[in-house]
Amino acid sequence: MEKKKNKQKKNYVMPQDQLTQTTGRLGTIFLVTVAALFILVGSVMLFVDGIRDLYLIYMISTLLIALGIGLIVKYFVTEAYRSIHDYGFSGGALIVILGGCALTRAEQLTAQIAVFVGLLVLAVAVVMLQQALQLHIMRKKAWIAVLVISLFTLLSSVLLLFDLRSVTGNVDGFAYWALLVAGVLTLLCMLISDIGVRIFLHQERDEYARMQKEQQLAFARDEDCKRLASTMKKIEDEETDGIKGKIDDE
């Protein structure tokens with residue numbers, strides 16, 4: 001019975017590792033959700049008639065509130081309170097308040113629709129920049145593609161934030177196209193980054209296994225040398241004893 005219980009025991013995982021894994025999963029789910037919302041809202045605003053800009057303000061406000069709630073939930077689920085430097089709860093509460101204020105002032109904010117979209121696009125562009133940096137540190141050539149995509153997305157957000165109509169033309173139409181394209185590019189960058197990270201971790205595990213094997217072989221060679229030295233010493237001792245015995249006989 002004891003042996004069966006021992007077999008059923010799971011390997012101990014450090015709390016910090018559990019925190020990292022949980023945070024990573026929640027972050028991925030959130031980014032995928034945001035990208036999907038970008039694509040959905042951008043498509044609806046562009047290709048469905050009779051949709052007012054006011055609805056987009058509602059969407060942005062709701063998204064901010066959901067983001068804030070997500071940060072608060074993440075703070076407790078990942079036990080981020082263990083770190084004195086984590087301000088997920090306060091940041092989430094602030095975002096919820098901002099989203100609520102925007103929701104109540106939706107009519108007045110409709111005139112600033114390009115600014116709101118620009119801020120959202122800017123947020124995902126910064127995430128893409130981090131993914132490019134991550135791949136660059138891992139020495140993956142795909143980092144260049146992710147960097148180009150992130151800079152393109154960043155440029156779109158700047159055009160919206162500074163209301164450069166001489167470049168964008170119909171700023172509302174450009175804003176919705178930027179939202180749609182940003183959603184697609186976010187999913188693409190996440191896919192590229194995920195593949196790159198998986199390859200890097202696989203290579204890292206292979207390298208670790210190779211080093212362990214080399215250490216084991218080195219240890220085995222060292223043991224063989226010790227055994228050989230011990231055997232040679234025994235032979236020398238036996239020969240010395242034999243010579244002494246012959247001398248004593250004479």
Check whether any side-chain heavy atom of Ser43 lies under 4.5 Å from a side-chain heavy atom of Ile39, and answer yes or no.
yes
Identify whether Leu71 and Leu94 are in the same connected component of the hydrophobic contact network (ILVMFWY, side-chain heavy atoms under 4.5 Å).
no
If you round to the nearest 0.5 Å, how far is CD of Gln203 from CZ of Arg210?
12.5 Å
Answer whether the closest heavy-atom distance between the side chains of Gln134 and Met138 falls below 4.5 Å.
yes
Taking the side chain as everything from C-beta on, heavy atoms only, tell me whether Val184 gets closer than 4.5 Å to Phe38.
no
Heavy atoms of Gly68 and Ile95 approach each other most closely as N-CG2, 3.8 Å
Quick one: pull up CG in Leu188 and CE in Met190 and give me the separation to the nearest 0.5 Å.
11.0 Å
Roughly how far, to the nearest 0.5 Å, is the CG atom of Leu122 from the CG atom of Leu155?
12.0 Å
Same cluster (ILVMFWY, side-chain, under 4.5 Å), Ile65 and Ile97:
no
Start with the C-alpha gap between Ser157 and Leu154, add the side-chain angles, then the distance that decides, and say whether side chain to side chain contact (heavy atoms under 4.5 Å, CB included) holds.
CA-CA 5 Å; Ser157 69; Leu154 185 62; 3.9 Å; yes
Please say yes or no: joined through hydrophobic side-chain contacts below 4.5 Å, possibly via intermediate residues, are Val96 and Leu37 part of one cluster?
yes
Could you tell me which non-hydrogen atom of Val121 sits nearest to which non-hydrogen atom of Ala178, and how far apart they are?
CG2-O, 4.2 Å
Does the side chain of Val41 reach to within under 4.5 Å of the side chain of Leu179, using non-hydrogen atoms?
yes
Where Gly183 and Ala35 come nearest, the two heavy atoms and their spacing
O-CB, 3.5 Å
Within this structure, what is the CG-CD1 distance for the pair Leu187 and Ile192, rounded to the nearest 0.5 Å?
11.0 Å
Does the side chain to side chain contact (heavy atoms under 4.5 Å, CB included) test come out yes or no for Leu160 and Val115, once each step is laid out?
CA-CA 6 Å; Leu160 288 169; Val115 176; over 6 Å; no
Could you check whether any side-chain heavy atom of Leu133 comes within less than 4.5 Å of a side-chain heavy atom of Leu147, counting everything from C-beta outward?
no
Minimum heavy-atom separation for Leu54 to Thr110, with atom names?
CD1-OG1, 3.8 Å
Classify the angle between the aromatic ring planes of Tyr75 and Phe89 as parallel (below 30°), tilted (30 to 60°) or perpendicular (above 60°).
tilted
Enter the distance from Ile199:CD1 to Asp194:CG here, rounded to the nearest 0.5 Å.
10.0 Å
Can you tell me how far apart CG (Leu64) and CG (Leu98) are? Round to the nearest 0.5 Å.
7.0 Å
Indicate, with yes or no, if Leu191 and Val124 share a hydrophobic cluster defined by side-chain heavy-atom contacts under 4.5 Å among Ile, Leu, Val, Met, Phe, Trp and Tyr.
no
Same apolar cluster (I L V M F W Y, side chains within < 4.5 Å links), Val44/Leu46:
yes
Taking the side chain as C-beta and beyond, is there a heavy-atom pair between Thr186 and Val34 under 4.5 Å?
no
State, yes or no, whether a side-chain contact exists between Ser193 and Leu135 at a heavy-atom distance under 4.5 Å.
yes
To check you understand the geometry: which heavy-atom pair defines the closest contact between Ala182 and Met128, and what is its length?
O-CE, 3.9 Å
Inter- and intrachain pairs under ring pair (Phe, Tyr, Trp, His ring centres under 6.0 Å), touching residues 117-142, at least two apart
His136-Trp143
Could you pull out the closest heavy-atom pair between Cys189 and Val146, with the gap in Å?
SG-CG1, 4.0 Å
Over 12 non-hydrogen atoms of neighbours within 6.0 angstrom of CZ in Arg139
no
